[in-house]
Amino acid sequence: MAGAEIENLVKLLARLPGLGPRSARRAVLQMMRRRETLLDPLSEALRVAQDKIVTCDICGNIDTTSPCTICADPRRDSAVLCVVEDVGDLWALERAQAVKGRYHVLGGTLSALDGIGPDELNLAGLKQRCADGTIKEIILATNATVEGQTTAHVITDMLADSGLSITRLAHGVPVGGELDYLDDGTLLAAMKSRR
Amino acid sequence: MQWEAEGLVLAARAHGESSAIIDVFSRTHGRFGGLVRGGNSRRLRPVLQPGNMVVATWRARLSEHLGTITVDAGRAHAAEAMSDAKTLAGLTSLCALMQITPERQAYPRLYDTLMLVIAAMDDADTWPALLARFEMALLEEIGFGLDLSCCAATGVIEQLEYVSPRSGRAVSRDAARPYLDKMFVLPQFLLDPSANASDEDVQKAMELTGHFLERRVYLPNGLKMPPARQRLMDMLAR
């Protein structure tokens, strides 16, 4: 139907989340039609991203510099460290401007099914950061899943002797949520942590 | 092919972007796998947490197919357990242990025991001992049960205080005396359901069952013991 190069581009785009072969084909067609305004800037942006993107040596965030802009920002509260599973979670918290402190990205959660144990997560880095004396509070912002909460409990155990204040995100009714539509688990958690 | 039954979600893993492959353990059908379309969605992910009850409907054209499962939410045990490290370790340990049962084979007695342990999980003093008893039942149901009826050496039925690590049979206090360093202690609550069980007793019972689970089931199948079980044992030891 199209040249091998175009087919290859479709195949690669179809691997991205949210895109299937059909939508990837539509995207490629759009790029072909708008070569100057879309394809050229996009390929340039991809090339720059590939050259410059690095993982922050301190927190595990993805940025164009290491330390990342969050770790290097002097206005951030260095006494508060928010622990998240993935960079996507960090971006979500940043979008909501919910954390004034810094972050630590674990790189996943403990999962026996996937063979992910403590050694596969960035826990050694977290321990090291907690030992330097500047951090006073750890916010465990892991997901409200069995694996996320298991990871949170393991971190709590690991840092039990550190003397730091360890807090967790609350689980409960989302803003704008109606009780009638909530799942039983959320309702139970909300009722348990009522105040 | 189709069946519908209430069951416990043992595991769920993402399949593609929006679906999930889950393992459900029901009384009538045992451990059954299947694809849940939309199982990785925002609506179904909370329902498919390991430890939750669901009403599952399994469908496939042929019985040997993986099949698809549709679920209706039941009691959300996972959400109830999440705030307590020990309970969460207990629940995930149960789910992981159930994964060693052969697929598509019903274990109604084991299911009933499992439900008993899970129902007791809001009582922190009771469930650890029930979990240890459940592990005994699990060993028995999959064909590796321990024989605690009489002493392996003398045949007596009194003062059964140890278990042989080789045979899995009870040994009386007198007969075990020369081999005490090699024997497992037999906590009395495993013989007498009315006996009280301390955390130490439960820990000893889990050391006993853990030895046989590992030696007879996990290692021969190239598997590792569930990390959640080890975490639970560490918590009991504190």
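Lettering of chains follows the sequences in order, A, B, ..., and the numbering in each one begins at 1.
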- Indicate yes or no: at least one non-hydrogen side-chain atom of B:I118 is less than 4.5 angstrom from one of B:L8. yes
- Part of B:D84 lying under 4.5 Å from any heavy atom of chain A: backbone
- Query: By a 4.5 Å heavy-atom criterion (distance strictly below it), what part of B:S18 contacts chain A: side chain, backbone, both, or neither?
  - Reply: neither
- Message: When you compare the side chain of A:R168 with that of A:Q149, does any pair of heavy atoms fall below 4.5 Å?
- Response: yes
- Message: To the nearest 0.5 Å, what is the distance between CG on B:L138 and CD1 on B:I100?
- Response: 4.5 Å
- Do B:T68 and B:R37 come within less than 4.5 Å of each other through their side chains, counting heavy atoms only? yes
- Message: Is A:D184 in contact with chain B via its backbone, its side chain, both, or neither, using a 4.5 Å heavy-atom distance?
- Response: both
- Message: One thing to verify: whether B:R238 and A:D157 come together as a salt bridge, which I'm taking to mean a side-chain N less than 4.0 angstrom from a carboxylate O.
- Response: yes
- Query: In Å and rounded to the nearest 0.5 Å, what is the CD to OG1 distance from B:E4 to B:T57?
  - Reply: 4.0 Å
- Task: Could you tell me whether A:E7 and A:R25 have a side-chain N and a carboxylate O separated by less than 4.0 Å?
- Result: yes
- Tell me, side chain or backbone of B:E80 under 4.5 Å from chain A's heavy atoms, or both, or neither? both
- Is the shortest heavy-atom distance from the side chain of B:F144 to the side chain of B:F212 under 4.5 Å? no
- Can you tell if the side chain of B:T87 reaches within under 4.5 Å of the side chain of B:W127, non-hydrogen atoms only? yes
- Any salt bridge between A:R47 and A:E44, counting N to O under 4.0 Å? yes
- Message: Just so I know, are the side chains of B:L208 and B:L190 near enough to count as touching, which here means a heavy-atom distance under 4.5 Å?
- Response: yes
- Query: Taking non-hydrogen atoms and a cut-off under 4.5 angstrom, which of residues 104-120 of chain A neighbour chain B?
  - Reply: A:L110, A:A112, A:L113, A:D114
- Interatomic distance, B:E135 atom CD to B:L97 atom CG [nearest 0.5 angstrom]: 5.0 Å
- Task: First locate atom OG1 of B:T209, then atom CD of B:E214, and finally report the distance between them rounded to the nearest 0.5 Å.
- Result: 11.0 Å
- Item | Contact winner vs chain A - B:P226, B:S83, B:P227, heavy-atom pairs under 4.5 Å | B:S83
- Task: Check whether A:L19 gets within reach of chain B through its side chain, its backbone, both or neither, counting any heavy atom under 4.5 Å.
- Result: backbone
- How many angstroms lie between atom CE of B:M115 and atom CG of B:L110, to the nearest 0.5 angstrom? 9.5 Å
- Item | chain A contact via B:R43 - side chain, backbone, both or neither, heavy atoms under 4.5 Å | neither
- Item | Structural part of B:P50 lying under 4.5 Å from a heavy atom of chain A | both
- When only heavy atoms count and the cut-off is under 4.5 Å, which of residues 90-102 of chain A reach chain B? none
- Query: Given a strict heavy-atom distance threshold of 4.5 Å, which part of B:A73 is in contact with chain A: side chain, backbone, both, or neither?
  - Reply: neither
- Message: Taking the ring of B:H29 and the ring of B:W3, is the distance between their centroids below 6.0 Å?
- Response: yes
- Under 4.5 Å from any heavy atom of chain A - which part of B:A14: neither
- Determine whether A:L159 and A:I138 make a side-chain contact, defined as any pair of heavy atoms from C-beta on separated by less than 4.5 Å. yes
- Item | Neighbours of chain B found in residues 49-75 of chain A - heavy atoms under 4.5 Å | none
- Calculate, to the nearest 0.5 Å, the distance between atoms CZ and CG belonging to B:R229 and B:D234 respectively. 11.0 Å
- Item | Any residue meeting ring-ring contact (aromatic ring centres under 6.0 Å, His included) with A:H171, in chain and number order, not counting sequence neighbours | none
